[in-house]
Amino acid sequence: MLGTGDAQAEEALLGDLLVTRLRDAMLGLGAATAAPSSPEALVTDFTRALADFDACRYASLAVRLPRLIRVGHALSTTSGDDTEQHALLAKSYLLATRMLVKMDEQQLGWMAADRARQLAESAGDVLAVAECARQLAVLARKAGWHDQALSIALSAADHPDLRGTGRAGAAVRGLLVQSASYTLARRGDRDGMRDLTDEAAAIAKELGGATLLRDHGGGFSPLTVQLHRISAKNHAGDPRAALDAARTISLKALPSVERRSRALGDIAVTYDRLGRRSDCVRTLLAAERCAPQETHARPATKALISSLLVSGPTSTELRGLAERSGVLA
């Protein structure tokens, strides 16, 4: 259910609140809140933070995730076993990186991703190191460094350490190949994008169709590869092909609320690029029903709503969505 009044206004500011709290936790500023008192309790708190992210419960995540970073650093200096603490802190920083990327906070995203990489390497966590590379490739792509983004993703995908990690390692490789494919799409290389996407699809098929690595960007499966095609084809300049890809996807089959919301956002962008305003607004409203906090807080969604307000006739539904998202015409 959507909130009303003050609750909706607060949702529009949740992104800023989350970023501010993560920044302060990463810089060691401010006092720690009541926190888990043992490594075991911290693991439980991380599981809950990941569930908050997957469910787009950002009000709760704004409490848990900064606390995980603060307490993780404190415990890593007092615990006798640094390996486990570093591995968990690396995962916390990876989750922070994903949230910061979503909020278009690239400077803090670089900081979080690099810390995650150092901690994962210290813990000897091969899968986490590979996921760090994927997040660094995302940040490089957002900075316009396409060659570097490709190199980071493909070098990590071919790293020999992944060969000894079984099905999970193959899934990580698939995610890295997908990342490289998306970079080629952003560069306008449709053929290269298609070839790498097909490679990722082949990896997913070899893994038997199950969703693996749910804590790495929502997982890897044939369905998530197809979801990737929507955004990749959009950015390669082929929104009609993106819409065709979207029509093959069952949103209910996606592994989390966050993935369903992200898919709806990609479909809304597709409709916007095709000039189908009413379908775009309808899809944005569906995204809001699916994940109100995500829709109201995410900068990319706000930018699309703002563009719709000034680029053509508006409806009561669009103006209402804009108000709930804190977007001014």
Side-chain angles (χ1 to χ4, degrees), residues 2-3 8-19 56 58 98-109 138-139 141-144 146 182-188 190 193 227-247 249 251 257-329:
L2 297 178
Q8 289 176 347
E10 289 174 3
E11 284 180 357
L13 299 174
L14 268 178
D16 292 339
L17 177 66
L18 232 172
V19 169
C56 296
Y58 295 154
R98 290 168 61 193
M99 197 67 228
L100 291 165
V101 167
K102 189 186 287 286
M103 292 296 116
D104 286 342
E105 290 289 339
Q106 293 186 43
Q107 286 183 323
L108 288 173
V138 170
L139 287 159
R141 180 173 63 237
K142 282 183 168 289
H146 293 156
Y182 191 65
T183 297
L184 290 176
R186 293 299 291 260
R187 203 162 67 177
R190 291 190 188 184
M193 177 273 291
L227 180 60
H228 156 81
R229 292 183 193 273
I230 303 173
S231 186
K233 290 183 177 182
N234 252 330
H235 285 287
D238 195 353
R240 292 190 183 281
L243 187 58
D244 288 342
R247 286 171 174 153
I249 292 174
L251 292 175
V257 170
E258 192 270 341
R259 287 309 297 257
R260 290 192 285 277
S261 174
R262 199 152 30 119
L264 287 165
D266 287 340
I267 295 168
V269 169
T270 303
Y271 281 132
D272 180 57
R273 294 188 176 195
L274 290 170
R276 295 171 57 172
R277 289 176 61 86
S278 60
D279 287 327
C280 179
V281 173
R282 174 180 56 80
T283 305
L284 285 170
L285 291 170
E288 184 186 38
R289 290 191 296 272
C290 174
Q293 292 184 9
E294 160 95 353
T295 304
H296 297 160
R298 191 176 184 189
T301 305
K302 290 186 174 188
L304 178 56
I305 295 169
S306 179
S307 173
L308 289 167
L309 286 172
V310 300
S311 62
T314 62
S315 62
T316 301
E317 291 81 5
L318 175 59
R319 291 192 295 272
L321 176 60
E323 181 180 357
R324 292 188 296 274
S325 302
V327 175
L328 300 177

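Just so we're clear, the structure is a prediction, and the values are computed from it rather than from any experiment.
Put simply, OG on Ser315 and CG on Leu309 are 9.0 Å apart, with the number rounded to the nearest 0.5 Å. Rounding to the nearest 0.5 Å places CG of Leu318 at 14.5 Å from CZ of Arg282. Atom CD1 of Ile230 and atom OG1 of Thr270 lie 6.5 Å apart (nearest 0.5 Å). Considering CD1 of Ile267 and CG of Leu284, their distance stands at 11.0 Å, rounded to 0.5 Å. The distance from atom NZ of Lys233 to atom CZ of Arg190, rounded to the nearest 0.5 Å, is 10.0 Å. How far CZ of Arg260 is from SG of Cys56: 9.5 Å, rounded to the nearest 0.5 Å.
At least one side-chain heavy atom of Leu304 sits less than 4.5 Å from a side-chain heavy atom of Cys280. Taking the side chain as every heavy atom from C-beta outward, Ser325 and Thr301 never approach each other to under 4.5 Å. Between Leu100 and Val19 the shortest side-chain heavy-atom distance falls below 4.5 Å. With contacts defined as side-chain heavy-atom distances shorter than 4.5 Å, the pair Met103/Leu18 does not qualify. At least one side-chain heavy atom of Lys142 sits less than 4.5 Å from a side-chain heavy atom of Asp104. Counting only heavy atoms from C-beta outward, the side chains of Val281 and Tyr271 never approach each other to under 4.5 Å. When side chains are defined from C-beta on, Leu321 does not count as touching Glu317, because their heavy atoms never get closer than 4.5 Å.
Annotation: salt bridge (charged side-chain N to carboxylate O under 4.0 Å, His left out) contacts involving residues 263-276, sequence neighbours excluded, comprise Arg276-Asp279.
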His228 and Tyr182: CA distance, side-chain angles, deciding distance, side-chain hydrogen bond (donor to acceptor under 3.5 Å, both in side chains) verdict: CA-CA 8 Å; His228 156 81; Tyr182 191 65; over 6 Å; no
Test Ser311 against Arg277 for side-chain hydrogen bond (donor to acceptor under 3.5 Å, both in side chains), laying out the working first. CA-CA 10 Å; Ser311 62; Arg277 289 176 61 86; 2.9 Å; yes
Might you work through the side chain to side chain contact (heavy atoms under 4.5 Å, CB included) test for Met193 and Arg186, ending with a clear yes or no? CA-CA 9 Å; Met193 177 273 291; Arg186 293 299 291 260; over 6 Å; no
Any chance you could lay out the side chain to side chain contact (heavy atoms under 4.5 Å, CB included) test for Arg98 and Val101, step after step, and finish with the verdict? CA-CA 5 Å; Arg98 290 168 61 193; Val101 167; 5.8 Å; no
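Contact check on Glu294 versus Arg262 returns no salt bridge, with no Lys/Arg side-chain nitrogen under 4.0 Å from an Asp/Glu carboxylate oxygen.
Looking at residues two or more places apart in sequence or on another chain, you find no salt bridge (charged side-chain N to carboxylate O under 4.0 Å, His left out) involving Arg319. Considering only residues two or more places apart in sequence or on other chains, Arg229 meets the salt bridge (charged side-chain N to carboxylate O under 4.0 Å, His left out) condition with Asp198. The salt bridge (charged side-chain N to carboxylate O under 4.0 Å, His left out) test applied to Arg141 returns no partner, not counting sequence neighbours. Checked against side-chain contact (heavy atoms from CB on, under 4.5 Å), Ala143 has the following partners two or more places apart in sequence or in another chain: Gln106, Trp145. Residues forming a ring pair (Phe, Tyr, Trp, His ring centres under 6.0 Å) with Tyr58 (at least two apart in sequence, or on another chain): none.
Proximity of a side-chain donor or acceptor of Arg324 to a complementary backbone N or O of Thr295 within less than 3.5 Å is not detected.
When every heavy atom of Ala232 is checked against every heavy atom of Ala185, the shortest pair comes out as O-CB, 3.2 Å.
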